[in-house]
Amino acid sequence: MRWNLKPKPSPEKISTLVESLQISPMIAELLVSRGIETFEDARLFFRPSLSDLYDPYLMRDMDKAVERIEKAILSGENIMVFGDYDVDGTTAVSLVASYLKTIYPNITTYIPDRYAEGYGISFMGIDYADDNSISLIIALDCGIKSINHVAYAKQKNIDFIICDHHRPGETIPDAVAVLDPKRTDCDYPYDELCGCGIGFKLIQALGMNRSQTTEDLVEYLDLVATAIAADIVPMTGENRILAKFGLAVINSNPRPGIKALIHQVKKEVLTITDVVFIIAPRINAAGRIKHGNHAVELLSEFDFEQAMEFAREIELYNSERKELDKQITVEALNQIIENQEKDKFSTVVYQDNWHKGVIGIVASRLIETYYRPTLVFTKSGEKLAASARSVYGFDVYNALEACSEHLEQFGGHMYAAGMTLAEENYDKFKNAFENQVKKTILEEQREPRINIDMEVNFADIDEKTIRILKQFEPFGPQNMHPVFVTKKVFDTGYGKPMGLNDEHLRLFVKQNNSTGLAAIGFGLGKKYSLVVNRKRIDIIYSIDENEWNGKTTLQLNLKDLRESQL
């Protein structure tokens, strides 16, 4: 495990912030390292306001999108809201469809079947629209590369509005409007919105036509916050504003569907991390195991009792997903050993009966054992389909692009992607991908790393510091939970392994004569020998609060520890 201490930001910028905000150098350093360098930056960070959101009409084609929807409403057309089957897609469909239904009745939703249709806009979906006299499709979280699909729809006199956040190809689909801040010809000031976030910008623009303010649309932000958390987009700019206000809705007055999911786990106050690990997997489970329509039904339901029924069904899908995930991970790990591929630069595994709905999760699990870019393939109709996951700093999308001659189609991000290929091309692709990774991956990208914000002493950690650190929430990419290193600490004798197989570690640590702090290290039980007899250790941790029996205490969440150097 590589310990990576971030470079110290400019001392001048730190001291400027200390002076203007009257804060400690420690907090100022954390802020500057996040790009917060002025009083106004800090105001936006600590006191975000809905008024700080950008005008939706700054997005290219927004005027065309709104004009086409208004025309459809005026002339009584049938509108289909189409979206991908993951959390971002299903929340986006629920958001846009439920808003449109407040102003117009002829709205239907469509989520493609993961197995029969695959990812993104499908010909089956367009045929369904044609069969049901639908003349306008609003596609969310997909479509930026669907050139042939949009052309096919046009032959049937069906218009498309595309709302996507994935990287465009060289050609933009010939749709009525293409809303994607990643378009090179789009000057929208923030290009890291998720698909549901772009859906929100669309209803924001439609709302402006109806004299609605952003405050009137706050009730939809529980969906946006869920999508932001699940899609792991940067927790900066507009995403941070939408997530913060959306999290407040989740904790105060969520829609019945989300309330029903929370009811299943009986947790009172959720953080953005809880949304990632509690709400998102359950919404995802519907599309993974059964059909994404179940998630849309849940999120669009306004009767709580009915929502509870949907949530109970989804809980069963989630349990099934967990079992499949465990089973396939074991089979994939065995395949790596049997094929003598433990020392490769990439992992590419395939079995025709693996459940397509969980191969992305399995790819992430495999990285926990073999830290390298990973692709997990299964059979999907006549083709093979795969989910890709990557390691820190390595762009798997670019690697796939370099091997695209062997692929039928692919799409995604730097760290996650999907693709299909003909079965006869599997071995050729597997070799090409391995060679591409071997050629381009850096040595430091082949080892797990922990990024450390700064070194601190326990004396620096006081109540005021903790109070300010809590205001850094919600955490996410580019605004991660601060991670610290403290050197030459020792366990006061309370340290012990814990858990079923002693896999975890509980300590009570001091530095010199400091106040002792409770610490817990999940998965660090094997390092217990390093802490016995008050041995001096260096620890990496984040600062958390532990609630037990109504009492809240400070707790260090250990990431790693090692013997101190003399």
Looking only at side chains, do Thr38 and Glu40 share a donor and an acceptor under 3.5 Å apart? no
Would you mind listing every ring pair (Phe, Tyr, Trp, His ring centres under 6.0 Å) that reaches into residues 231-285, with sequence neighbours excluded? none
So, Asn284 versus Asp86: side-chain donor-acceptor pair below 3.5 Å or not? no
Would Thr226 and Val87 count as a side-chain contact (heavy atoms from CB on, under 4.5 Å) if you check the C-alpha gap in whole Å, the side-chain angles of each, and the deciding distance to 0.1 Å? CA-CA 8 Å; Thr226 300; Val87 177; 3.9 Å; yes
Can you tell me how far the CG atom of Leu193 sits from the CE atom of Met59, to the nearest 0.5 Å? 5.5 Å
Does Lys535 count as lying over the ring of Phe490, i.e. NZ or CZ under 6.0 Å from the six-ring centre, within 45 degrees of the axis? no
Between Leu298 and Thr90, does the side-chain contact (heavy atoms from CB on, under 4.5 Å) criterion hold? Intermediate values first, please. CA-CA 10 Å; Leu298 171 75; Thr90 53; over 6 Å; no
Geometric class of the Phe458/Tyr541 ring pair [parallel <30°, tilted 30-60°, perpendicular >60°]: perpendicular
Is it true that a side-chain atom of Asp52 and a backbone atom of Ser49 form a donor plus acceptor pair closer than 3.5 Å? yes
Short question: side chain of Ser564, backbone of Ile537 - any donor-acceptor pair under 3.5 Å? yes
Is the backbone N or O of Val483 less than 3.5 Å from a side-chain atom of Asp453, with the two atoms forming a donor-acceptor pair by type? yes
Ring pair (Phe, Tyr, Trp, His ring centres under 6.0 Å): which pairs involve residues 314-336, sequence neighbours left out? His294-Tyr317
cation_pi(Arg167, Tyr397) dist<6.0 Å, angle<=45: yes
Return yes if a side-chain donor-acceptor contact under 3.5 Å exists between His165 and Asp180, otherwise no. no
Does Gly493 offer a backbone N or O that forms a donor-acceptor pair with the side chain of Asp491 under 3.5 Å? yes
Can you tell me if Thr236 and Tyr190 form a side-chain donor-acceptor pair at under 3.5 Å? yes
Please evaluate residues Phe45 and Phe472 with respect to the criterion ring-ring contact (aromatic ring centres under 6.0 Å, His included), reporting the C-alpha separation (whole Å), side-chain torsions for both, the decisive distance (0.1 Å), and the verdict. CA-CA 8 Å; Phe45 184 76; Phe472 277 51; 5.3 Å; yes
Test side-chain contact (heavy atoms from CB on, under 4.5 Å) on Phe200 and Leu242; report intermediate values, then the result. CA-CA 10 Å; Phe200 183 77; Leu242 294 167; 3.9 Å; yes
Scan side-chain atoms only and decide if Gln204 and Tyr220 contain a donor-acceptor pair under the 3.5 Å cut-off. no
Is a side-chain N or O of Asn239 found less than 3.5 angstrom from the main chain of Glu192, in a donor-acceptor match? yes
Lys510 backbone acceptor or donor facing Ser514 side chain under 3.5 Å: no
May I ask you to check if Arg446 and Tyr371 form a cation-pi contact, with NZ or CZ under 6.0 angstrom from the six-membered ring centre and within 45° of the axis? no
